[in-house]
Number of protein chains: 2
Amino acid sequence: MATGRTHRPATRSRGIPEATVARLPLYLRALTALSERSVPTVSSEELAAAAGVNSAKLRKDFSYLGSYGTRGVGYDVEYLVYQISRELGLTQDWPVVIVGIGNLGAALANYGGFASRGFRVAALIDADPGMAGKPVAGIPVQHTDELEKIIQDDGVSIGVIATPAGAAQQVCDRLVAAGVTSILNFAPTVLNVPEGVDVRKVDLSIELQILAFHEQRKAGEEAAADTVAVPPVAARKQQHSTGSADKGPDGDVPAVMPA
Amino acid sequence: MATGRTHRPATRSRGIPEATVARLPLYLRALTALSERSVPTVSSEELAAAAGVNSAKLRKDFSYLGSYGTRGVGYDVEYLVYQISRELGLTQDWPVVIVGIGNLGAALANYGGFASRGFRVAALIDADPGMAGKPVAGIPVQHTDELEKIIQDDGVSIGVIATPAGAAQQVCDRLVAAGVTSILNFAPTVLNVPEGVDVRKVDLSIELQILAFHEQRKAGEEAAADTVAVPPVAARKQQHSTGSADKGPDGDVPAVMPA
DNA sequence: GTGTGTGAAACGTTTCACAGCT
DNA sequence: AGCTGTGAAACGTTTCACACAC
């Protein structure tokens, strides 16, 4: 044996599974909606339905945070909103820079749900000198030259890359060198970053290709149903129907720029 | 062990794991780049590096498609491009409608990597009558009233929702009723769809919240390193460094509209 | 009775390590 | 000698089912 390595650092109780972390924002959104409608409590069943997951998963997820529910009753909405927000680090302010103010960058800058959570657009950056000073979403665009200064002055630790693919790695290197440790990448490229820097990517074309795969399979299975005597349990398969891209292991969507 | 139960319906060779499917577009992108540079063959090691995964995973992934490599040599780039394209269903034409031509919708319409794969923007749809006829990315925007006709005439099976959250479910219902069976949702809402319809979601604010969680934890661990005598192997953790959001179970990013 | 919290089982994915082909 | 293809082990996630608290 001894194949396994470090087993687990076991920081104890701080070990929230990655899959759970990825769902917390979903729960938070559903809870916020309930809160706005002044609903005082929810059962795991109701909340799960609103978030698009099943109740067993939701309860297990919450169990990693602690015991915030009341047996026989459910969860206190306001309390849960607070606990999840705190767990996600949304009770503090996160200044964010967006680099690449093309169609997509502008769209991101205008995104409302941005400020509603703890995020604040600290600056919009573009390499085109012609863009400099032009306001987008009420914020003047600044030239790439200012990047390092802005990051240091505002203590920015999260950067969003919405540039063409060709510029992404270079922008990434500068962000990291200036102190950014989390990057959301919309450019269709693999970014190389040093250890300790987190990268998440969003890639439209990848999402479409995954849909195309399933679409093709649906068509193929239909056709097969005519020719072959449908094998025992064939078409069953767990279509991710209702739950949305529930299992999507990655989750990409390339920048919206003529790559 | 005999822990497993049903083993597998064994549709034989059609059982490509979801996680593998999600990575095929990544490999395809890396292979396309190699192809453009006229590289004839690659080893699993090289290709894996270019795609941002490890080579064992890549080989296992390819093994689900068949034995397309040559031992001692590697993979033929052109041949693999073809096989993966075929597997993903990209050798056929996929007409796509984009609903909601705000900032984000326009960005998507302008996205180049769209047409490069088998996707073709069949129509841009918006509810604002003032937008009708206005060309975006060279395609005239059409009013929502035309939606059903377009879907049926062009045989559209994939729809992209880039509307505000409030309109998303209604648009979704109309798309599905008209015959769409795959939906890419940018609106920050859970969509309810009937069995057999695939939904994938992309949600910016969720991605940012996941980054914030890790960012907060980094800060916390740093602080803890001072007080507590750093436990054995602490900071190690498999930071998704190089590989990007390698494990991201979901992969969301809300619509870029004032929700 | 009702609904949470959670061990234990089932399932899916990744990694290891090496046999086997070129 | 080199690199693929793949069983088997390790790991992570989801689901089940029920004890327990209200």
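Throughout, a chain's letter reflects where its sequence line sits, starting with A, and its residues are numbered from 1.
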Look for any protein N or O under 3.5 Å of an N or O in nucleotides 15-20 of chain D and output each such pair with its distance, or none.
residue : atom : partner : partner atom : Å
D/dT15  : OP2  : A/N54   : ND2          : 2.6
D/dC20  : O2   : A/R71   : NH1          : 3.0

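For B/Y75, the ring-ring contact (aromatic ring centres under 6.0 Å, His included) test picks out B/F62, with sequence neighbours left out. Not a single side-chain hydrogen bond (donor to acceptor under 3.5 Å, both in side chains) links A/D76 to another residue, sequence neighbours left out. Considering only residues two or more places apart in sequence or on other chains, A/Y68 meets the side chain to side chain contact (heavy atoms under 4.5 Å, CB included) condition with A/L65, A/Y79, A/L80, A/Q83, A/R86. Residues meeting the side chain to side chain contact (heavy atoms under 4.5 Å, CB included) test with A/E215, sequence neighbours left out: A/K218, B/W94, B/S157, B/T181, B/S182. For B/P17, the side chain to side chain contact (heavy atoms under 4.5 Å, CB included) criterion is met by B/T20, B/Y64, not counting sequence neighbours. Partners of A/A49 under the side chain to side chain contact (heavy atoms under 4.5 Å, CB included) rule, at least two apart in sequence or in another chain, do not exist in this structure.
The list of salt bridge (charged side-chain N to carboxylate O under 4.0 Å, His left out) pairs with a residue in residues 58-71 of chain B, not counting sequence neighbours, reads B/R23-B/D61.
When the side-chain nitrogen and oxygen atoms of A/S44 are compared with OP1 and OP2 of C/dT4, one or more of them lie within a distance under 4.0 Å.
Residues from residues 73-82 of chain A placing a heavy atom under 4.0 Å of any atom in DNA chain D do not occur.
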Response to the item:
Under the rule of Watson-Crick or G-U wobble with both distances under 3.5 Å, where | means paired to another strand and [ ] a crossing pair, DNA chain D maps to ||||||||||||||||||||||

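The two residues A/I206 and B/P25 come nearest to each other via the heavy atoms CG1-CB, 3.7 Å.
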Side-chain donor/acceptor pairs under 3.5 Å, residues 30-39 of chain A, sequence neighbours excluded:
residue : atom : partner : partner atom : Å
A/T32   : OG1  : A/L28   : O            : 2.7
A/S35   : OG   : A/E78   : OE2          : 2.7

